[in-house]
Amino acid sequence: MQKFSENLITMSEKNDKTAFQQRIDNGETIEPKDPMPDRYRQQLIRMMSQHAHSEVVGMLPEGNWITRAPSLRRKMILLSKVQDEAGHGLYLYSATETLGASRQQVIEELLEGKAKYSSIFNYPTLSWADVAVIGWLVDGAAIINQTMLARSSYGPYSRAMIRICKEESFHKKQGYEMIAKMADGTPEQQEMVQDAVDRWWWPTLMMFGPHDEDSPNSAELIKWGVKSKTNDELRQSFVDRHVQEAHAVGIDIPDPDLKFNEETGHWEFGEIDWDEFWNVVRGNGPMNKERMKARREAHENGKWVREAAEAYARKKKLSKEKAS
Ligand code: FAQ
């Protein structure tokens, strides 16, 4: 990591920055050793490390249900989904390292409570239907956001997103299949799935971040081709797609203001409770403290694995040096 960081080139001259912007405007992909403005690097480290943390913390709400899955088939699917999320996290930590940030440093920032992760993972999973809703709505939201990021200007991030989106797409399908089954099931199952949708709908809309006028990072990220759509544009795409999917299986959306606008072709929806959003982002959501406690314990319990891996790497290096 150290050696790699030394090779990174940061731009300072105005001319260089104009040339960089030209590359972005031409649709070129920026690679790790290409010169880049420090602010571009820092924005990507911020966003990609938050994304990695979200994938890792995101294992917790569903992981809670692995031992209680109602059938072997459901258990296998859930186990594999949760493992996929771990893989996404590791993949994204590696992509972040290409920008010169060490994995240890970004993980420490999370464990010290300095780094953000997605607000959505600070809500509890109260019933099995929550697992279905996470697959359908949360992965559904992630796909909409990440399909855009697959076209991001930073090569390692956009390539990571292509693979991740393929897996998220399977996650969404298994979630929607469960939703459809429960919505077509017994009155108790119907009630359970509707209750889960009622609790997760609004927090899922918050995943896309604040309104565009309150989003300090969007303009810069769009200028640099990291994002190509705004938070509100993505949120609207999510609503348009998921309202139709809900209606197709007889699920109600818990929004009295929801109505289809024939002229625009979009579903109009009510106002998000932004006080709730910022409260959760600031660490005061229903599950923030439990999530961070679980992450700290997992990190502590994994210490021996990291030490063993380091000892093995040292041994390999030594035997290579002896052989040469
Ligand atoms: N939660 O100026 P903006 C998944 C913060 S992965 C917490 O609009 P930006 C997979 C934001 O960081 C889900 N904080 O920021 C899965 C900023 O604070 P900062 C995660 C939030 O970057 C599924 C401040 O508010 N996906 O679900 C949130 O332009 C199922 C101002 O906001 C990603 O991370 C929020 N919801 O847009 C796993 C995708 N929203 O850093 C398990 C990559 C905003 O300046 C199970 N990230 N904030 O202190 C992004 O696309 C963007 O970073 C946004 C925010 C859209 C999250």
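Residue numbers count from 1 along this sequence.
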**OP:** Take Gln236 and Asp240, measure what side-chain hydrogen bond (donor to acceptor under 3.5 Å, both in side chains) needs, and give me the verdict at the end.
**Re:** CA-CA 6 Å; Gln236 185 64 58; Asp240 289 343; 3.0 Å; yes

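- Under 3.5 Å, the side chains of Gln50 and His53 contain no donor-acceptor pair of N or O atoms.
- Panel note: side chain Arg235, backbone Gly209; a donor-acceptor pair is recorded below 3.5 Å.
- For the pair Glu268 and Asp257, the minimum side-chain heavy-atom distance is 4.5 Å or more.
- Residue Trp200 comes nearest to Pro124 through the heavy atom pair CZ2-O, 3.4 Å, listed as atom of the first residue, atom of the second, then distance.
- Rounding to the nearest 0.5 Å gives a distance of 9.0 Å between CD1 of Ile253 and NE2 of His242.
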Original post:
Can you check side chain to side chain contact (heavy atoms under 4.5 Å, CB included) on Gln22 and Asn26, steps first, answer last?
Top reply: CA-CA 6 Å; Gln22 196 57 57; Asn26 291 344; 3.3 Å; yes

Subject >> side chain to side chain contact (heavy atoms under 4.5 Å, CB included) between Asn284 and Lys289, worked out >> reply: CA-CA 8 Å; Asn284 305 315; Lys289 292 189 179 56; 4.0 Å; yes

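- In this structure, CD on Gln174 lies 8.0 Å from OG on Ser80, to the nearest 0.5 angstrom.
- The side-chain contact (heavy atoms from CB on, under 4.5 Å) search around Asn217 returns Arg39, Gln43, Arg46, Leu221, not counting sequence neighbours.
- Hydrophobic clustering (side-chain heavy atoms under 4.5 Å, transitive across Ile, Leu, Val, Met, Phe, Trp, Tyr) keeps Leu126 apart from Leu137.
- In this structure Glu188 satisfies the side-chain contact (heavy atoms from CB on, under 4.5 Å) test together with Thr186, sequence neighbours excluded.
- In terms of the side-chain contact (heavy atoms from CB on, under 4.5 Å) criterion, residue partners of Glu108 (sequence neighbours excluded) are, by chain and number, Gln104, Glu112.
- In this structure, the side chain of Asn231 engages the main chain of Pro210 through a donor-acceptor pair within 3.5 Å.
- Trp202 meets the ring-ring contact (aromatic ring centres under 6.0 Å, His included) test with no other residue; sequence neighbours excluded.
- Ring orientation note: the planes of Phe20 and Tyr40 are nearly perpendicular, at an angle over 60° on the 30°/60° scale.
- Nearest heavy-atom pair, Ala183 versus Gln190, reported as atom, atom and distance to 0.1 Å: O-NE2, 3.1 Å.
- Evaluation of the side chain to side chain donor-acceptor pair (under 3.5 Å) rule for Lys293 yields Glu297 as partners, not counting sequence neighbours.
- Rounded to the nearest 0.5 angstrom, Leu92 CG and Tyr157 OH are separated by 6.0 Å.
- Contact annotation: the side chain of Ile66 never approaches that of Met59 to less than 4.5 Å [non-hydrogen atoms, C-beta and beyond].
- Within 6.0 Å of the NZ atom in Lys172, the count of heavy atoms belonging to other residues, nucleotides or ligands exceeds 12.
- Between Pro254 and Val197, the closest heavy-atom pair is CG-O, 4.1 Å.
- Applying the ring-ring contact (aromatic ring centres under 6.0 Å, His included) rule to Trp201 yields the partners Phe238; only residues at least two apart in sequence or on another chain are considered.
- Arg103 has a carboxylate O that lies under 4.0 Å from a charged side-chain N of Glu97, or vice versa, which qualifies the two as a salt bridge.
- Contacts of Thr230 classified as side-chain contact (heavy atoms from CB on, under 4.5 Å), with partners at least two apart in sequence or in another chain: Asp212, Ile222, Asp232, Glu233.
- Counting heavy atoms from C-beta on, the side chains of Met206 and Val280 never come closer than 4.5 Å.
- Between the NZ atom of Lys322 and the CG atom of Leu318 there is a distance of 5.5 Å, given to the nearest 0.5 Å.
- Side-chain contact check for Glu31 versus Pro156: some heavy-atom pair is nearer than 4.5 Å.
- Nearest heavy-atom pair across Ile120 and Thr204 is CD1-N, 3.6 Å.
- Counting heavy atoms from C-beta on, the side chains of Glu62 and Val138 never come closer than 4.5 Å.
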**OP:** List the steps, then state whether side-chain hydrogen bond (donor to acceptor under 3.5 Å, both in side chains) holds for His247 with Gln244.
**Re:** CA-CA 5 Å; His247 291 168; Gln244 280 189 19; over 6 Å; no

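- Atom NZ of Lys223 is surrounded by more than 12 heavy atoms from other residues, nucleotides or ligands within 6.0 Å.
- Within the structure, salt bridge (Lys or Arg N to Asp or Glu O under 4.0 Å) pairs that include any residue of residues 189-198 comprise Asp195-Arg199 (at least two apart or interchain).
- Annotation for Met76: hydrophobic cluster partners, listed by chain and number, are Leu72 (ILVMFWY side-chain heavy atoms under 4.5 Å, direct or chained).
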Taking only distance into account, with no hydrogens and no angle test, what donor-acceptor pairs under 3.5 Å do side-chain atoms of residues 145-152 form with protein atoms, sequence neighbours excluded?
| unit_1 | atom_1 | unit_2 | atom_2 | d |
| --- | --- | --- | --- | --- |
| Gln146 | OE1 | His51 | NE2 | 2.7 |
| Thr147 | OG1 | Ile143 | O | 2.5 |
| Ser152 | OG | Tyr154 | N | 3.1 |

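- Nearest heavy atoms, Leu205 versus Phe269: CD1-CD1, 4.0 Å.
- Using a 4.5 Å heavy-atom cutoff, the side chains of Val239 and Leu258 are in contact.
- The side-chain heavy atoms of Val131 and Lys81, taken from C-beta on, include no pair separated by under 4.5 Å.
- Judged purely by atom type and a 3.5 angstrom limit, Ser153 uses its side chain to pair as donor or acceptor with the backbone of Trp224.
- From Ser218, atom OG reaches atom NZ of Lys229 across 13.5 Å, with rounding to the nearest 0.5 Å.
- Linking Ile, Leu, Val, Met, Phe, Trp and Tyr residues whenever their side-chain heavy atoms come within less than 4.5 Å leaves Met287 and Trp65 in two separate clusters.
- The distance from the NZ atom of Lys173 to the CZ atom of Phe170 is 10.0 Å, given to the nearest 0.5 Å.
- Closest non-hydrogen pair, Ser119 versus Phe277, comes out as OG-CE1, 3.8 Å.
- Considering only residues two or more places apart in sequence or on other chains, Lys317 meets the salt bridge (Lys or Arg N to Asp or Glu O under 4.0 Å) condition with Glu321.
- Atom CZ of Arg241 is surrounded by 12 or fewer heavy atoms from other residues, nucleotides or ligands within 6.0 Å.
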Original post:
When you look at Phe121 and Leu60, which way does the side chain to side chain contact (heavy atoms under 4.5 Å, CB included) test go after all the steps?
Top reply: CA-CA 8 Å; Phe121 302 117; Leu60 296 169; over 6 Å; no

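- A donor-acceptor pair is defined here as one N or O able to donate and one able to accept, closer than 3.5 Å; no such pair exists between the side chain of Trp136 and the backbone of Glu245.
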**OP:** Report the C-alpha distance between Ile30 and Ile24 in whole Å, list the side-chain angles of each, state the deciding distance to 0.1 Å, and finish with yes or no for side chain to side chain contact (heavy atoms under 4.5 Å, CB included).
**Re:** CA-CA 8 Å; Ile30 308 300; Ile24 300 278; 3.9 Å; yes

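- Ion pairing between Glu310 and Arg306 fails under the 4.0 Å rule for side-chain N and carboxylate O.
- In terms of the side chain to side chain donor-acceptor pair (under 3.5 Å) criterion, residue partners of Ser127 (sequence neighbours excluded) are, by chain and number, Asp130.
- For the pair Gln189 and Lys181, the minimum side-chain heavy-atom distance is 4.5 Å or more.
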